[in-house]
Amino acid sequence: MADRTDELKARVEAKKKELEGQLSQAKADAHGAKNDQIEEMERKLKELQETLKDGWDNLSEQAVAKLNEWLR
């Protein structure tokens, strides 16, 4: 189980960094049309934060399922 959690954590961290980079770029571009993209990226990051509120060591099966869905 620890190996699967470590793999999931690595995938989530990579996706989080990618999303944060896209968010920073969208904010830098700051065109009116980008506002929806910015809001969507911020929503995804907030969702991730909420899912991980209990930390990686206390992931439930439901949290693992949410993280796998978040990665899609």
Answer whether the closest heavy-atom distance between the side chains of [X] and [Y] falls below 4.5 Å.
X: Thr5; Y: Asp57; value: no
X: Trp56; Y: Val12; value: yes
X: Leu59; Y: Leu52; value: yes

Starting at [atom1] of [X], measure out to [atom2] of [Y] and round the result to the nearest 0.5 Å.
X: Arg11; Y: Leu71; atom1: CZ; atom2: CG; answer: 5.0 Å
X: Lys16; Y: Leu19; atom1: NZ; atom2: CG; answer: 10.0 Å
X: Leu45; Y: Glu50; atom1: CG; atom2: CD; answer: 13.5 Å
X: Glu39; Y: Lys46; atom1: CD; atom2: NZ; answer: 12.5 Å
X: Gln37; Y: Gln22; atom1: CD; atom2: CD; answer: 9.0 Å
X: Gln25; Y: Ile38; atom1: CD; atom2: CD1; answer: 10.5 Å

Query raised in the report: Does Arg72 have any salt bridge (Lys or Arg N to Asp or Glu O under 4.0 Å) partners at least two apart in sequence or in another chain, and if so, which?
Result: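 Salt bridge (Lys or Arg N to Asp or Glu O under 4.0 Å) check on Arg72 returns Glu69.
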Requested in this report: Locate the shortest heavy-atom distance separating Thr51 from Ala63; write the atom from each residue and the value.
Outcome: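 Looks like CG2-O, 3.8 Å.
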Query - With sequence neighbours excluded, residues passing side chain to side chain donor-acceptor pair (under 3.5 Å) with Glu42 - result: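 For Glu42 the side chain to side chain donor-acceptor pair (under 3.5 Å) partners, ignoring immediate neighbours, are Lys27.
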Query raised in the report: Among all residues two or more places apart in sequence or in another chain, which pass the side chain to side chain donor-acceptor pair (under 3.5 Å) test with Glu40?
Result: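 Result, side chain to side chain donor-acceptor pair (under 3.5 Å) vs Glu40: Arg43.
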**Report entry** Test item: Trp70 side-chain N/O and Lys44 main-chain N/O as donor-acceptor pair under 3.5 Å
**Finding:**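 Between the backbone of Lys44 and the side chain of Trp70 there is a qualifying donor-acceptor contact (under 3.5 Å).
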Report task. Would you check, one step at a time, whether the test side chain to side chain contact (heavy atoms under 4.5 Å, CB included) holds for Leu67 with Lys9? Result -> CA-CA 9 Å; Leu67 290 171; Lys9 183 177 181 179; over 6 Å; no
